[in-house]
Amino acid sequence: MAGLLSKGSIVTTLTDLLTPGAKALHPYQPGKPVSDLAREMGLDPASIVKLASNENPLGPSPMALAAMQDVGSLSRYPDGGGFELRQTLAEQLEVEAAQITLGNGSSDLLDFVTRIFVQPGDNIVVSEHAFSLYGLNATAVSAEVREAPAKNFGHDLDAMAAQVDERTRLVFITNPNNPTGTWLSEAEIRGFLAQLPAHVITILDEAYFEFVDEAEYPNGVRLLADFPRLLVTRTFSKAYGLAALRVGFGVSSSEMAALLNRVRPPFNVNAPAQAAAVAAVKDQAHVQRSITANRLGMKQLIGAFEQLGLDYLPSVGNFICVRLQNAVEINQALLRRGVIVRALGGYGMPEYLRVSIGTEAENKRFIDMLTEVLQQGEAV
Ligand SMILES: *Cc1c(COP(=O)(O)O)cnc(C)c1O
């Protein structure tokens, strides 16, 4: 020790101490919070419309809110095993509770699976225009991120398969995809999984599963019987309207779940979140109301885009991408009017804005402000 110290240190900054992976990282950019915009623009928070993070505009089930209030003492740690929530999900999904891994949001699962299977020099395969968190996690562990070009803004599974080699550990499929709203059929996904070598694990991210109403759209959980090297992720942040509580989960073989649990922090899902999630699963009527509202809101936005002569990407999610020549400037003009949507430069789509489906009134406000910006030519 004395010898080491006497040599002196060549480290000058904290950044020098970062791992190679962390050196290459930039923090994830979330949708702008209402409170930030209110501060920056001197606006009344109540006047701001946020359609930027694909949240449920109806909010959570009233039963979830009631259950959350009723958790008992906050001085006690939550159930670290999440027994009741895993049991409830197991019944709903017709799997064993041992196949379910709880996460502080499904983002947690994306992190766990990367940490246990990917090491420096390995690679992961993602699609162009996919959720940035997959690559962020892999970069953090000094792995290579291989991005396959998209086809019509959706995943090109042949292009993704072509990227797989002996160092590939994970492949990420988002179905439907965020931000493009594209989706893959059961036949397409089965065909892809059947050709993957055994050293590759596929993550099927189904954050928007509940919204899809297409006959050929698969339930990933049903694929586990045929494809054991699969991890399906779902969340309470979107259709269930519980984004603030941070609850998500993975469904996999019980073998994979046990491995994921090796890196899961012991109390990663808090007690109010567990209680609310259990009640939310039991209130499927609220989920149905949310899905119906989403369908109507989607129609409302599409109708407006068509009237304004704007191109959009047909979406099966609770969000839609609209094409605008000056998307960056229009986004700024919308922010000045208290409307928050998502610019997609970071997703390789600089000409698009992603708009989450809001309530009828929120959608109308967005449409009115967009119309005003386009008519005034302010952003052109
Ligand atoms: C919103 C989203 C998630 C879920 O995030 P949580 O951590 O569960 O809130 C996962 N994947 C995609 C593609 C998403 O859009």
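One-based numbering, in listed order, for ligands and for the atoms of each.
- Remark: side-chain polar atoms of S61 are paired, donor with acceptor, to backbone N or O of M63 under 3.5 angstrom.
- For F267, the CZ atom sits in a packed shell: over 12 heavy atoms of surrounding residues, nucleotides or ligands are nearer than 6.0 Å.
- Atoms CD1 and CZ, from I48 and R337 in turn, are 14.0 Å apart once rounded to the nearest 0.5 Å.
- The side-chain tip of R234 points at the ring of F209 from less than 6.0 angstrom away and within 45° of straight on.
- Counting protein heavy atoms only, atom 9 (O) of ligand 1 is closest to S237 OG, 2.6 Å.
- Remark: aromatic rings of Y208 and F319 are close, center separation under 6.0 Å.
- Regarding atom 3 (C) of ligand 1, its nearest protein heavy-atom neighbour is K238 NZ, 3.4 Å.
- Checked against the 6.0 Å centroid threshold, F192 and F227 do not count as a close aromatic pair.
- Heavy atoms of N54 come nearer than 4.0 angstrom to ligand 1 in no pair at all.
- Heavy atoms of Y208 come nearer than 4.0 angstrom to ligand 1 in at least one pair.
- In this structure, S106 counts as a contact residue of ligand 1, since one of its heavy atoms falls inside 4.0 Å of the ligand.
- The aromatic rings of F305 and Y312 are tilted relative to each other, their planes meeting at an angle between 30° and 60°.
- Near N178, meaning under 4.0 Å from any of its heavy atoms, are these atoms of ligand 1: 13 (C), 14 (C), 15 (O).
- In the vicinity of T235, heavy-atom distances shorter than 4.0 Å reach the ligand 1 atoms 6 (P), 8 (O), 9 (O).
- Those atoms of ligand 1 with a heavy atom of T174 less than 4.0 angstrom away are 13 (C).
- The nearest non-hydrogen atom to atom 11 (N) of ligand 1, considering only D108, N177, D205, comes from D205.
- Of all atoms in ligand 1, numbered sequentially from 1 with element shown, those under 4.0 Å from a heavy atom of R246 are 6 (P), 7 (O), 9 (O).
- For S107, heavy-atom contacts with ligand 1 shorter than 4.0 Å involve the backbone as well as the side chain.
- Every atom of ligand 1 with a heavy atom of A207 under 4.0 Å away is listed here by number and element: 2 (C), 3 (C), 10 (C), 11 (N), 12 (C), 14 (C).
- The environment of NZ in K299 is sparse: at most 12 heavy-atom neighbours from other residues, nucleotides or ligands sit within 6.0 Å.
- Of all atoms in ligand 1, listed by their number and element, those nearer than 4.0 Å to a heavy atom of G105 are 6 (P), 7 (O), 8 (O).
- Across V322, N326, V328, a single residue satisfies side chain to side chain contact (heavy atoms under 4.5 Å, CB included) together with L324, and that is V322.
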